[in-house]
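See structure below.
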2 protein chains.
Amino acid sequence: MIRPTMEDVALRAGVSRALVSLVMRGSPKVSELRRSAVLKAAEELGYSPHAMARSLASRTSTVLGVMVSDLHNAFFAEVVDGIDEVARDQGFDVIINTGGRSPARERRALESLLSFRPAGLILLSPVVPATAISKAAEQLPVVLVARSSRVSTVDTVNDDGEVGARLAVDHLVSLGHQRIAHLDGGEGTQAGPRRRGYVAAMESHGLVPQVVSSEYTDAAGARAIRSLISDRVLPTAILSCNDFNAVGAISALEDAGLRVPGDVSVVGYDNTSLAALRHVSLTTIDQPRAEFGRLAAGALLQRVREERTEPVRHLLTPSLVVRNTTAPPATSRRSSGSPFLSTAGGDSAESGSRTADFEAKSPERRSRDQEHGGPR
Amino acid sequence: MIRPTMEDVALRAGVSRALVSLVMRGSPKVSELRRSAVLKAAEELGYSPHAMARSLASRTSTVLGVMVSDLHNAFFAEVVDGIDEVARDQGFDVIINTGGRSPARERRALESLLSFRPAGLILLSPVVPATAISKAAEQLPVVLVARSSRVSTVDTVNDDGEVGARLAVDHLVSLGHQRIAHLDGGEGTQAGPRRRGYVAAMESHGLVPQVVSSEYTDAAGARAIRSLISDRVLPTAILSCNDFNAVGAISALEDAGLRVPGDVSVVGYDNTSLAALRHVSLTTIDQPRAEFGRLAAGALLQRVREERTEPVRHLLTPSLVVRNTTAPPATSRRSSGSPFLSTAGGDSAESGSRTADFEAKSPERRSRDQEHGGPR
DNA sequence: TTGTAGGCGTTATCAC
DNA sequence: GTGATAACGCCTACAA
């Protein structure tokens with residue numbers, strides 16, 4: 001249980017401590033002979049440099065701290081991938097920490113991260129108060145992902161939720177839908193822009209917005225649909241606030257004997273791995289998550305290197321991923337027509353059942369399937 | 001961008017560095033007057049102790065390193081929750097690192113973690129060679145989760161995959177199934193025990209095992225089903241190696257016009273949040289994930305405190321979660337009977353459609369729904 | 001190319 | 001209670 005130090009390595013390799021230090025830092029001014037001797041000794045001893053001592057002595061850090069508000073959400077995993085990629089590339093190590101969506105825990109996580117004196121901090125969708133963030137930003141560069149800030153020392157990376165919602169509405173309208181409801185994300189992150197984008201897009205098409213209060217869970221999506229059905233105001237298309245909500249909505253629709261997309265089209269938001277599952281095959285809005293991570297890490301490293309002092313506000317454009325939960329609205333009353341729908345006439349057969357559409361899936365999906373199968 | 005030190009705090013509070021140190025460590029032998037003065041100065045300066053310097057000087061660490069092989073998998077997030085809970089409770093900080101399922105990256109992640117000289121290490125389903133693990137174990141306590149080891153200095157926490165598979169088989173048999181196939185996880189973690197448990201359970205029931213080569217992805221599950229169908233050897237029930245695979249299997253079955261569970265029952269493994277989604281509502285085997293984390297952290301801290309030197313091998317018992325993808329087999333030929341099934345006679349209507357079963361869901365599901373809706 | 005002195009922020013061990 | 005002083009493991013000069 002003893003961790004070897006430079007001294008041990010130096011002794012074993014028959015050189016001085018200083019030389020070991022040079023080798024460890026990859027200095028070119030070391031003879032090949034000694035270098036390999038040192039490396040060999042280090043390997044045999046299982047030695048690796050003591051990051052803390054190193055950073056203490058050099059007054060620099062090669063560590064990037066990342067606070068993930070919710071590890072359960074695969075969204076963040078992909079952002080971390082992007083961060084990791086850039087960081088590794090530039091010789092930085094990443095340490096992660098989670099706040100469990102609780103402000104108190106998150107605060108503690110932040111403290112903990114700060115106590116390592118990392119070169120910089122990336123906060124993924126933090127829920128701590130803005131003051132805690134700007135306080136941290138006084139000590140080191142901070143980048144926020146999926147949360148905005150007005151602090152000039154803090155950089156931000158976000159998706160343009162208004163554009164995303166508009167993409168979804170445009171898609172549905174182009175399919176012929178007119179009655180499109182939005183299941184709203186309430187207080188959730190990014191719910192605001194998505195709602196605003198939806199309303200604006202509807203109005204620009206001369207359509208009447210129908211915002212239904214909901215939440216970012218599948219249970220909430222199902223509840224919202226049930227209330228629409230019982231109120232007899234079910235539209236022909238649904239734009240959910242996120243994928244979870246959309247999946248819940250689909251379940252409730254199917255429970256009610258309605259077909260998706262035959263009777264009702266559904267669009268999600270986020271393009272989580274869930275949406276890509278063939279069993280779900282959800283039309284949704286994709287956010288360039290890995291790109292979020294790359295941009296965040298890039299921005300942070302610029303600050304770390306003091307290459308920039310002006311704040312940068314990345315606003316990434318989401319994109320539409322069409323899968324099998326959207327189709328033109330039923331244009332005529334079906335033989336097994338639902339009493340909930342007000343669209344008149346036509347045969348819904350032309351819109352196809354979901355399984356019939358199945359083979360039309362995009363190649364993109366297959367790759368995502370692979371990607372998320374995971375080791376379990 | 002300047003981080004205050006103890007010196008700064010001492011100066012501002014008008015005391016010595018040593019006293020600040022005492023206050024920071026919560027020593028009782030400091031007058032209330034000075035204590036509050038120090039705390040106030042620290043607060044004003046935004047000072048927090050330098051973890052690395054502290055650990056360097058004290059030759060101890062309050063940091064637990066956690067290497068997560070795959071952040072995308074929510075399975076690990078719940079294990080981390082358990083770890084976090086125990087660690088926080090006992091005054092330890094957790095830093096996380098990810099290996100991205102690549103041995104090379106994982107190795108680097110391990111190195112990086114080690115460079116912080118944490119008090120101990122928890123490896124979640126690592127894919128690095130055993131030698132790398134035992135090497136690390138020479139330097140600090142190491143606990144493995146979801147991976148076994150014969151090294152006596154390493155503790156392990158696993159689920160009993162044999163028991164889990166048996167639970168699934170028993171459930172299916174009790175419903176009346178006789179022809180039950182296992183979609184195998186191949187090289188994947190834990191695939192071995194699950195397969196063995198399946199085979200043993202089948203044989204103990206006097207049934208013939210049918211192991212189908214597959215993988216831990218939904219695409220693989222679908223492929224396996226399609227091959228079973230084209231070979232005309234589709235059984236009445238499927239035990240998948242994990243939930244992803246099961247969902248893929250269900251899709252392929254539905255694509256082929258078969259109903260789940262009307263025509264074929266499907267059981268997953270892991271009880272991921274995916275399984276709990278009402279749209280999926282998958283009967284599956286649950287592993288006590290948070291408990292994994294708690295036990296792992298507990299075992300690690302015992303080693304850290306040198307309370308134990310004998311290895312501990314936790315083998316947790318999984319449990320069956322019955323949802324809506326399992327039902328008795330069709331006992332008679334249906335009017336719309338499938339040509340793939342060999343079971344004779346009966347009307348499958350009695351087993352009910354999935355949506356009809358829907359309301360019978362367990363309360364457990366609802367809580368999981370909430371839990372995983374997340375902030376997106 | 002190699003070795004030596006100092007210092008990084010903190011803790012621990014002493015005297016006061 | 002409080003304040004000096006020597007580590008801790010390493011890096012950055014600087015000298016040899």
Side-chain angles (χ1 to χ4, degrees), chain A residues 1-39 41-42 45-63 91 93 114-119 139-140, chain B residues 1-39 41-42 45-63 91 93 114-119 139-140:
Chain A
M1 218 53 72
I2 205 135
R3 295 83 177 286
T5 89
M6 270 194 173
E7 186 81 52
D8 301 323
V9 177
L11 234 60
R12 180 179 254 267
V15 298
S16 73
R17 249 178 296 144
L19 186 62
V20 177
S21 170
L22 288 179
V23 172
M24 284 306 159
R25 282 177 287 154
S27 162
K29 30 208 274 187
V30 179
S31 70
E32 200 42 60
L33 184 73
R34 308 216 183 226
R35 152 171 273 109
S36 58
V38 167
L39 256 23
L45 259 36
Y47 170 84
S48 70
H50 192 312
M52 311 163 120
R54 165 177 284 181
S55 128
L56 195 55
S58 66
R59 268 146 304 199
T60 65
S61 169
T62 59
V63 173
D93 280 322
L114 246 20
S115 77
F116 286 96
R117 301 292 190 272
Q139 305 195 174
L140 38 39
Chain B
M1 218 54 72
I2 205 135
R3 296 85 176 285
T5 93
M6 267 194 175
E7 185 81 52
D8 301 323
V9 178
L11 234 59
R12 180 179 255 267
V15 298
S16 73
R17 251 178 295 145
L19 186 61
V20 177
S21 172
L22 288 180
V23 172
M24 284 307 158
R25 282 176 288 156
S27 162
K29 30 210 272 184
V30 179
S31 68
E32 201 41 60
L33 184 72
R34 305 212 183 228
R35 150 171 275 107
S36 58
V38 167
L39 256 22
L45 259 36
Y47 169 84
S48 69
H50 193 311
M52 311 163 119
R54 166 176 284 183
S55 128
L56 194 56
S58 66
R59 266 146 305 203
T60 66
S61 168
T62 59
V63 173
D93 280 321
L114 247 18
S115 77
F116 286 97
R117 301 293 189 271
Q139 306 194 175
L140 39 39

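For the numbers below, each heavy atom of this structure counts, side chains included, while hydrogens, waters and symmetry mates do not. Chain letters run A, B, ... following the sequence lines, proteins first and then strands; every chain starts at 1.
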Side chain to side chain donor-acceptor pair (under 3.5 Å) partners for A:Ser58, two or more places apart: A:Thr60
Heavy-atom pair with the smallest gap, counting every atom of A:Met6 and A:Ser21: CE-CA, 3.1 Å
Residue list, salt bridge (charged side-chain N to carboxylate O under 4.0 Å, His left out) with A:Arg54, at least two apart or on another chain: none
Nearest-0.5 Å distance, OG of residue A:Ser27 to CG of residue A:Leu19: 8.5 Å
Neighbour count above 12 (heavy atom, 6.0 Å) for A:Arg35 CZ: yes
Per-nucleotide protein contact string for nucleotides 5-16 of chain C, where B marks a base within reach and S marks sugar-phosphate only (heavy atoms under 4.0 Å, - for neither): --BBBBSS----
